[in-house]
Engineer: 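What follows is a structure written as structure tokens; I'll ask about it next.
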Amino acid sequence: MRRLIAAGVAAVTVLGGGLALATTAGADGGGDMRAEFVNAGGESIGTAKLSPNRHGTQIKVEVHLPAAMAGFHGFHIHSVGQCVAPGFTSAGGHLGEDAADPNHRHRNHDGDLPVLLVNSDGFGWARVVTDRVQLAELRDADGAAFIIHAAPDNYANIPATDPVTGNPRYSNPNAVAVYPNTTTDATTLKTGDAGARVACGVISRS
């Protein structure tokens with residue numbers, strides 16, 4: 001059974017507006033890997049380092065953002081090593097996403113990672129070890145990239161109706177049963193409602 005281990009609290013994300021910045025990555029050799037995060041304006045905001053670990057792949061993230069960005073943010077590995085600002089949709093969907101497989105929706109994607117937390121001073125860091133991803137698969141022809149989202153990730157684990165407010169946000173005719181008596185809609189099944197892509201980092205040889 002695949003495991004996802006997270007250690008550390010803190011880390012990351014966001015900004016707005018900006019230029020169109022494009023970075024691409026293709027196949028490369030062995031060894032450690034890294035990524036440099038850029039925001040929608042093309043500014044460098046931090047780095048991630050990836051290295052083999054006896055439990056899988058270790059990912060270390062360090063980012064410094066405006067204090068206004070404090071809070072939790074969705075954090076994933078996406079399937080294409082390309083960061084085109086400002087929207088970063090060039091990075092494709094989550095690594096390992098398979099819409100046809102009901103057991104491989106969000107929170108079960110290979111690229112799904114714990115949320116990143118940016119502290120009140122704008123500084124964030126995290127260390128994660130995952131056995132869902134091997135460095136070799138990040139070196140394929142189209143590469144891979146980290147994406148940081150504007151909002152927290154709910155891991156597609158939200159009932160159809162909020163038990164406190166009765167809000168029907170997740171009630172719709174296309175909702176899919178995930179747990180007994182609960183349903184989630186297509187948006188949360190795909191991304192965990194993490195919102196806009198606010199930062200991107202192409203993964204390349206270190």
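Fair warning: this is a prediction, and the values are worked out from it, not measured in the lab.
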Engineer: Supply the atom-to-atom distance Glu62 CD to Trp125 CH2, rounded to the nearest 0.5 angstrom.
Structural biologist: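 It is 10.0 Å, given to the nearest 0.5 Å.
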
Engineer: Within a strict 4.5 Å, meaning less than it, do heavy atoms of the Leu116 and Phe146 side chains meet?
Structural biologist: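 They are not in side-chain contact.
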
Engineer: Roughly how far, to the nearest 0.5 Å, is the CZ atom of Arg139 from the CD atom of Gln134?
Structural biologist: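 The distance works out to 10.0 Å.
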
Engineer: Measure from the side-chain N and O atoms of Ser90 to the backbone N and O of Val84, and report whether any donor-acceptor pair falls under 3.5 Å.
Structural biologist: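 Yes; judged by distance alone, with no hydrogens or angles, the pair exists.
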
Engineer: So do the side chains of Phe88 and His78 get within less than 4.5 Å of each other, counting heavy atoms only?
Structural biologist: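 No; the side chains remain at least 4.5 Å from each other.
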
Engineer: Apply the test side-chain contact (heavy atoms from CB on, under 4.5 Å) to residues Ile148 and Phe37: give CA-CA distance (whole Å), side-chain angles for both, the deciding distance (0.1 Å), then the verdict.
Structural biologist: CA-CA 9 Å; Ile148 298 168; Phe37 290 100; 3.6 Å; yes

Engineer: Any chance you could measure Leu50, atom CG, to Arg34, atom CZ, to the nearest 0.5 Å?
Structural biologist: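 Going from the CG atom of Leu50 to the CZ atom of Arg34 covers 10.5 Å.
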
Engineer: Can you find a side-chain donor-acceptor pair between His55 and Asp131 that sits under 3.5 Å?
Structural biologist: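 Their side chains do not contain a donor-acceptor pair, so the 3.5 Å distance test is not met.
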
Engineer: What is the minimum heavy-atom distance between Ala145 and Gln82, and which atoms define it?
Structural biologist: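 Minimum heavy-atom separation between Ala145 and Gln82: CB-N, 4.4 Å.
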
Engineer: Measuring only between side-chain heavy atoms, which start at C-beta, is Asp110 closer than 4.5 Å to Asp112?
Structural biologist: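 With C-beta onward as the side chain, the pair stays apart.
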
Engineer: Keeping the roles fixed (side chain from Asn119, backbone from Gly122), state whether a donor-acceptor pair exists under 3.5 Å.
Structural biologist: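 Between the backbone of Gly122 and the side chain of Asn119 there is no qualifying donor-acceptor contact (under 3.5 Å).
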
Engineer: Indicate yes or no for a side-chain donor-acceptor contact from Thr57 to the backbone of Pro52 under 3.5 Å, with no hydrogens or angles considered.
Structural biologist: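 Here the side-chain-to-backbone pair does not exist.
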
Engineer: Would you kindly say whether Glu36 and Ser44 are connected by a side-chain donor-acceptor distance under 3.5 Å?
Structural biologist: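 Side-chain D/A pair, Glu36 to Ser44: present.
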
Engineer: Atom CZ in Arg205, atom CG in Leu135: separation rounded to 0.5 Å?
Structural biologist: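 One gets 13.0 Å once the value is rounded to the nearest 0.5 Å.
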
Engineer: Check whether any side-chain heavy atom of Ile59 lies under 4.5 Å from a side-chain heavy atom of Leu113, and answer yes or no.
Structural biologist: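 With C-beta onward as the side chain, the pair touches.
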
Engineer: Indicate, with yes or no, if Ile77 and Val80 share a hydrophobic cluster defined by side-chain heavy-atom contacts under 4.5 Å among Ile, Leu, Val, Met, Phe, Trp and Tyr.
Structural biologist: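 No, Val80 and Ile77 fall in different hydrophobic clusters.
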
Engineer: Considering all heavy atoms of both residues, which atom of Arg107 and which atom of Arg132 are nearest to each other, and what is their separation?
Structural biologist: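 Arg107 and Arg132 have their closest heavy atoms at O-NH1, 3.0 Å.
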
Engineer: Quick one, Met33 and Leu138 - any side-chain contact, counting heavy atoms below 4.5 Å?
Structural biologist: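 They are in side-chain contact.
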
Engineer: Could you report the tightest heavy-atom contact between Ala151 and Gly195, atom names first, then the distance?
Structural biologist: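 Scanning both residues, the minimum pair turns out to be CB-N, 4.4 Å.
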
Engineer: When you measure from the side chain of Asn39 to the backbone of Gly41, do you find a donor-acceptor pair of N or O atoms at a distance under 3.5 Å?
Structural biologist: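 It does hold such a pair.
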
Engineer: Who pairs with His76 by side chain to side chain donor-acceptor pair (under 3.5 Å), at least two apart in sequence or on another chain?
Structural biologist: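 Listed in chain order: His94, His149, Asp153.
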
Engineer: Which atom pair, heavy atoms only, marks the closest approach of Ser51 to Asp32?
Structural biologist: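 For Ser51 and Asp32, the tightest heavy-atom pair comes out as CB-OD1, 3.4 Å.
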
Engineer: Would you mind reporting whether Phe72 and Val118 have side-chain heavy atoms less than 4.5 Å apart?
Structural biologist: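 They are not in side-chain contact.
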
Engineer: Contact between Pro114 and Val128 at the side-chain level, heavy atoms closer than 4.5 Å - yes or no?
Structural biologist: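 A side-chain contact exists here, since the closest heavy-atom pair is under 4.5 Å.
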
